[in-house]
Amino acid sequence: MDYQYREIEQRWQKFWAANQTYRASNQSSKPKYYVLDMFPYPSGAGLHVGHPLGYIASDIFSRYKRLKGFNVLHPMGYDSFGLPAEQYAIQTGQHPAITTEANINRYREQLDNLGFSFDWSREVRTSDPDYYRWTQWIFMQLFNSWYNVSTDKAESVTQLMAHFSAKGSAGIKAVSDEDVLSFTADEWNALTEEQQQTELLKYRLAYLKESTVNWCPALGTVLANDEVKDGFSERGGHPVVQKKMMQWSMRITAYAERLLQGLESIDWPEPLKEMQRNWIGKSVGASVKFEVESLKDFIEVFTTRVDTIFGASFLVLAPEHEWVTQLATPEQEKEVKAYIEQTQKKSELDRMADTKTVSGAFTGAYAVHPFTGNPVPIWIADYVLAGYGTGAVMGVPSGDQRDWLFAKHFDLPIVPISDAQKDLDQQADPTKEGRYINSDFINGLNYQDAVNALIFKLEQKGQGKAKVNYRLRDAIFGRQRYWGEPVPVYFKNGLPYLIDEKELPLLLPEVDKYLPTESGEPPLGRATDWKYQQQYEYELSTMPGWAGSSWYWYRYMDAQNQGVFASKEAIAYWKDVDLYIGGSEHATGHLLYSRFWNKFLKDLGVVEVEEPFKKLINQGMIQGRSNFVYRLIDEEGRGTNTFVSYGLKDQYKTVAIHVDVNIVEQDILDLEKFKTFRPDFAHAEFILENGKYICGHEVEKMSKSKFNVVNPDDMVERYGADTLRLYEMFLGPLEQSKPWNTNGIEGVFKFLRKFWRLFHDEQLNFVVSEEAPSKAELKSLHKIIKKVEEDIDRFSFNTSVSSFMICVNELTDLKCTKRQILEPLTIVLSAYAPHITEELWSLLGHQPGSISYAAYPIFNPDHLVEDEFAYPVSVNGKMRMNLNLPLSLDLADIEAAVLANEDVQRYLEGKTPKKVIVVKGRIVNLVV
RNA sequence: GCCUGGGUGGUGGAACUGGUAGACACGCAGGACUUAAAAUCCUGUUCGCCUUAAAGCGAGUGCGGGUUCGAUUCCCGCCCCAGGUACCA
């Protein structure tokens, strides 16, 4: 029988499902291996051909690891809370749960079509109450915890309260809000319940606070920093404004240093680590206090270059700085107010775009330089950001280009501070080389000594200290939306309290509409009879999209557990994710939050590891490849019914129109299908070249409107899942982005047919011989065993596919029909093309389904040893020739043989080589 | 600007620690089989020169240098592309 891929694939997919072939056990004598894909948001559009790329790679890896004797956990689920389902619900009134369910079913069908070895018994859905009760549970733990700097971990708020009532706030070093109080035990105990709770809120890792948030009016919700790109929402591209609001936040900043340090221990792509480093944005420097006599207070600045302090000729505050209005002298008040107004008018975007023009205003006030005692003028300018550091900087024009520009513009002094600085009339020179000048007690010192001396003196005077600053901000956690996890909190006297753990899950209530209420409350405000213990208001915002995805890999370990998010035993067994595959777009969102929650859970003692994802691979994006037809336009510029082929289009007036890529093959248009593509094309006429209509093409994002979406189902229908799997890998390196192009898929399809034919005679009857294999056959087999092992280890799946093709071509040439060759080859290929190999495996007489756990054939290097080697020999690296010599000779004999060779003699021109270059036991070059 | 990748035939891409550049596949050209088509198979395919042919010669991995017997690979300088990021003090 010929290769009937549809029948074969459907049969085995059914078999695997019915027999739960890929069900993983939490107990095994085998070593564990956990392969995880970033779970998808089930959108209404279904999967396109780019989505499965990572899933195919992880599936190959999982299958390979199973063959290698590992107990593999390879689960899949859905990140099923999210905006599109809610927006659809707003438009249609249909409950998001219903659309989500329908989308999931569609996704599942498409995934099943591709023959993945997922353990579906562990499926999770973040919108499932059985799942989100544990998301809520984790939130409760965060609410109940504070970050103890002394022990460098999260600890229980209950213990913190005990400490407060026994010893007061003394001895507590915490990551907390800035406005925490100092108090004795007695003072604490005298506080009312409300006062205590208010104070504790400043310590909790999940806390409620009035803060400036990114408010997106179009979406009616706040967004986290990573959900905002250039002043617009990442989803939908709506404008985002800054607004003060009472909001739930996560104290991720407590973990900044651990999140940074942890990157050193994990095997992730460097660009991605770099993105996280930048996002955390650690800078080491000092904070320095400048006294302001008029205020009888200090302005604190942060600097990474405290060594330049003697060059500080002015201070600059952000226009939003809280002291600006008090500082402004009566003479300067007008100017300052005008400047503040001017900056307020500028949108975030304008401010970012306009970084060239220097602007600012003098407040009229002066600060005192901590060392020289000289007056330092205080300015305001919008190049200083309120949200970073202290919102104030010292201006050192000789060492910082922005300060230099500012000084030039406003004619402030530029004081050189190092003998190595040059061209200060042209630009700032931030060099750390040289010795200090004009710098009092650090004159003549080098950089490091100067910094040490300055910090020492500052600390002595109480006017500064070494300080580390992070760019990372606490993450806003509340969303004014319906389709998310309810926050398990109720309010009493305006203060938040956790609901009883026994009440979990706190179910999402039914509402009549999915819009905010008339009074501007989130959609949950519409729920009737929704009160805690019939009297207390629940929190009305829901959790953000990243809540459910920040711990889901643990739920897979023990997905059915009703008593705990995952049992201690399951967590102890699976520990962490060995391989995580997904897109790099989650670098500063999901991947950072997950690491944060994981570290918190580690502090809590409920998980075992500090870092959840040991190795991470970013699969590249698959872009669309759009095709175009060129429609002739008449004098009035209207489209006619005639279409010109790509090569001839320049001779006519045409307009390019997207054409469905599914009716184009090798850029050649299927004319009949085109006529049915759109009704007005029914009577289309064509101007052809060489009898064909050639389409133009362009790489664009894959989207419906561009008619360049390729559905994996269509590919499976036409070529089979095995071909699609191999082809997606063959397309190029996994981590590289590339346009989808169906042009080469035939080659992969041909390969599978050839492979199938190896097992069949000319009448297409299944037949294998029991004869002993030949040397050449064994060589071919062992080459592929080795190659695939090496390739998989370095995630080079594309070269494996090429090697399979070479192997099958060799065996076809050898007319190999031997079981001892074909059987191991089938095992090796089964990771890539599971269906065809499963079919052949069972035709070979094995138990159905058993190939997935067959032993990977053992590579024997002896089979690759050659008796003869084609020596590439060159003289002076110039000429090259191949000499076939037996390998059994020793080096001296080989040298003699090489020298005796006629061609070599000719090129040596009678000279004797001065040097003989030997590489890996082979002579490769003679130097005359 | 800075950070991180990358630049190889008509195309996708190989070449793992410096050792025969262009594997494998697509496409293209030619051929075999067939009444024909599909399918399959074979040959050629970096560019240039030379030759009836076999063969041979020269150039060649973004550009310019360098190290080396030998460089797609290492070093220096530059150009271009992609992703990230930014008045972050």
Side-chain angles (χ1 to χ4, degrees), chain A residues 2 229-230 269-279 281-283 285 301-306 308 316 318 351-358 381-385 387-396 399-403 405-406 430 469-472 584-585 587-588 618 620-621 666-667 727 730-733 735-739 741-748 750-751 753-754 757 787 790-791 793-794 796 798-807 809 812 870-882 913-920 922-928:
Chain A
D2 204 359
K229 284 247 144 74
D230 303 328
E270 197 47 45
L272 201 135
K273 286 196 196 179
E274 201 58 31
M275 276 190 240
Q276 292 211 346
R277 281 190 202 108
N278 288 338
W279 191 259
K282 178 180 185 175
S283 44
V301 304
F302 174 74
T303 175
T304 53
R305 291 295 303 274
V306 70
T308 64
V316 190
R351 237 172 118 164
M352 280 194 287
D354 184 25
T355 59
K356 295 283 179 289
T357 28
V358 179
D382 65 0
Y383 81 88
V384 177
L385 305 176
Y388 183 75
T390 58
V393 301
M394 61 181 201
V396 184
D400 182 285
Q401 186 60 19
R402 291 158 306 175
D403 296 345
L405 285 168
F406 194 78
N469 223 349
Y470 297 94
R471 196 185 81 107
L472 186 70
S584 60
E585 66 272 20
T588 50
N618 287 133
M621 270 240 291
Q666 303 281 4
D667 291 334
Y727 184 59
F730 182 71
L731 215 48
E735 304 189 56
Q736 190 174 302
S737 287
K738 56 231 156 191
N741 184 346
T742 319
N743 289 352
I745 198 168
E746 292 281 350
V748 174
K750 266 189 230 166
F751 154 73
R753 295 167 68 126
K754 274 191 199 168
R757 271 191 210 134
K787 174 74 172 143
E790 286 169 356
D791 282 349
D793 281 343
R794 56 195 175 101
S796 179
N798 54 330
T799 53
S800 279
V801 179
S802 295
S803 303
F804 277 123
M805 291 179 180
I806 296 169
C807 178
N809 283 342
T812 306
Y871 281 80
V873 181
S874 39
V875 176
N876 283 342
K878 273 282 183 202
M879 179 275 316
R880 288 192 197 89
M881 67 199 87
N882 289 334
K914 272 187 285 201
K915 208 156 117 192
V916 178
I917 312 288
V918 180
V919 174
K920 292 174 193 160
R922 299 166 191 170
I923 291 171
V924 294
N925 199 1
L926 305 170
V927 184
V928 186

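First the proteins, then the strands, lettered A, B, ... as listed; each starts at 1.
One finds a side-chain N or O of A:Asn798 lying less than 4.0 angstrom from the OP1 or OP2 phosphate oxygen of B:A14. Within the structure, a side-chain polar atom (N or O) of A:Tyr388 is placed less than 4.0 Å from OP1 or OP2 of B:A89. Within the structure, every side-chain polar atom (N or O) of A:Arg277 is placed at least 4.0 Å from both OP1 and OP2 of B:U4. The phosphate of B:C26 (OP1 or OP2) has a side-chain N or O of A:Lys750 nearer than 4.0 angstrom. The shortest distance between the side-chain N/O atoms of A:Ser283 and the OP1/OP2 oxygens of B:A89 is below 4.0 Å. In this structure, A:Gln736 reaches the B:G13 phosphate: one of its side-chain N or O atoms is under 4.0 Å from OP1 or OP2. At B:C16, none of the side-chain N or O atoms of A:Lys787 fall inside 4.0 Å of OP1 or OP2 (strictly under the cut-off). For A:Arg402 and B:C88, the shortest distance from a side-chain N or O to OP1 or OP2 is below 4.0 Å. Put simply, A:Asn278 has no side-chain N or O that comes within less than 4.0 Å of OP1 or OP2 on B:U4.
Taking atom C1' on both nucleotides, B:A59 is separated from B:U67 by 23 Å, rounded to a whole Å. B:G83 and B:A32 have their P atoms separated by 50 Å, with the value rounded to a whole Å. Between the P atoms of B:G22 and B:U72, the separation comes to 12 Å (whole Å). Distance check on atom P: B:G5 versus B:G30 gives 47 Å, rounded to whole Å. Separation of the C1' atoms belonging to B:C74 and B:G70 is 13 Å when rounded to the nearest angstrom. Only the P atoms considered, B:G65 is 14 Å distant from B:A71, to the nearest whole Å. B:A38 and B:U46 have their P atoms separated by 27 Å, given to the nearest Å. Nucleotides B:U20 and B:U73 have their P atoms positioned 14 Å apart, rounded to a whole Å.
The side-chain contact (heavy atoms from CB on, under 4.5 Å) with A:Met394 is formed by just one residue from the set A:Thr308, A:Val306, A:Asp403; it is A:Thr308.
Regarding A:Tyr383, its OH atom lies at a distance of 16 Å from the C1' atom of B:A86, rounded to whole Å. For A:Leu385 and B:C87, the CG to P distance is 6 Å, given to the nearest whole Å. In this structure, A:Arg794 atom CZ and B:U17 atom P are separated by 8 Å, rounded to whole Å. Protein atom CE of A:Met805 is 6 Å distant from nucleotide atom C1' of B:A25, rounded to whole Å. One interatomic measurement links the two molecules: CG of A:Asp403 to P of B:C88, which rounds to 10 Å at whole-angstrom precision. Rounded to an integer number of Å, the gap from CE of A:Met275 to P of B:U85 is 7 Å. Rounded to whole Å, atom P of B:A25 lies 6 Å from atom NZ of A:Lys754. Taking atom CG of A:Leu405 as the reference point, atom C1' of B:A89 lies 14 Å away to the nearest angstrom.
Counting any heavy atom pair closer than 4.0 Å across all strands shown, A:Phe804 reaches no nucleic acid atom. At the heavy-atom level, A:Asn809 lies under 4.0 Å from the strands shown only through sugar-phosphate atoms.
Minimum heavy-atom separation, A:Ala318 to A:Leu385: CB-C, 3.9 Å.
Defined by atom type and a distance below 3.5 Å, a donor-acceptor pair is present between the side-chain atoms of A:Lys754 and A:Asn809. Side chain to side chain, A:Asp791 and A:Thr799 meet the donor-acceptor criterion of an N or O pair below 3.5 Å.
Checking B:G83 for Watson-Crick or G-U wobble geometry (two distances, each under 3.5 Å) identifies B:C3 as its partner. Pairing of B:U40, defined by two Watson-Crick or G-U wobble distances under 3.5 Å, is identified with B:A32. Across all strands shown, the partner of B:G58 is B:C47, judged by Watson-Crick or G-U wobble contacts whose two distances both fall under 3.5 Å. Nucleotide B:A53 is matched to nothing when pairs are restricted to Watson-Crick or G-U wobble geometry with both distances under 3.5 angstrom. Figure legend. B:A25 is base-paired to B:U11; pairs are counted as Watson-Crick or G-U wobble with both atom distances under 3.5 Å. In this structure, B:C74 and B:G66 make a Watson-Crick or G-U wobble pair, each of the two defining distances being under 3.5 angstrom.
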What do the steps show when you test A:Val358 against A:Tyr383 for side chain to side chain contact (heavy atoms under 4.5 Å, CB included), and what is the final call?
CA-CA 8 Å; A:Val358 179; A:Tyr383 81 88; over 6 Å; no
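If you find the closest nucleotide of RNA chain B to A:Val801 and to A:Pro733, the one lying nearer the 5' end belongs to A:Pro733.
Here A:Glu274 pairs with A:Arg277 in a salt bridge; the nearest charged N to carboxylate O distance falls below 4.0 Å.
For B:G18, the O4'-C1' to base torsion is more than 90° from 0; the nucleotide is therefore anti.
Considering only heavy atoms from C-beta on, A:Lys787 stays 4.5 Å or farther from A:Phe804 through its side chain.
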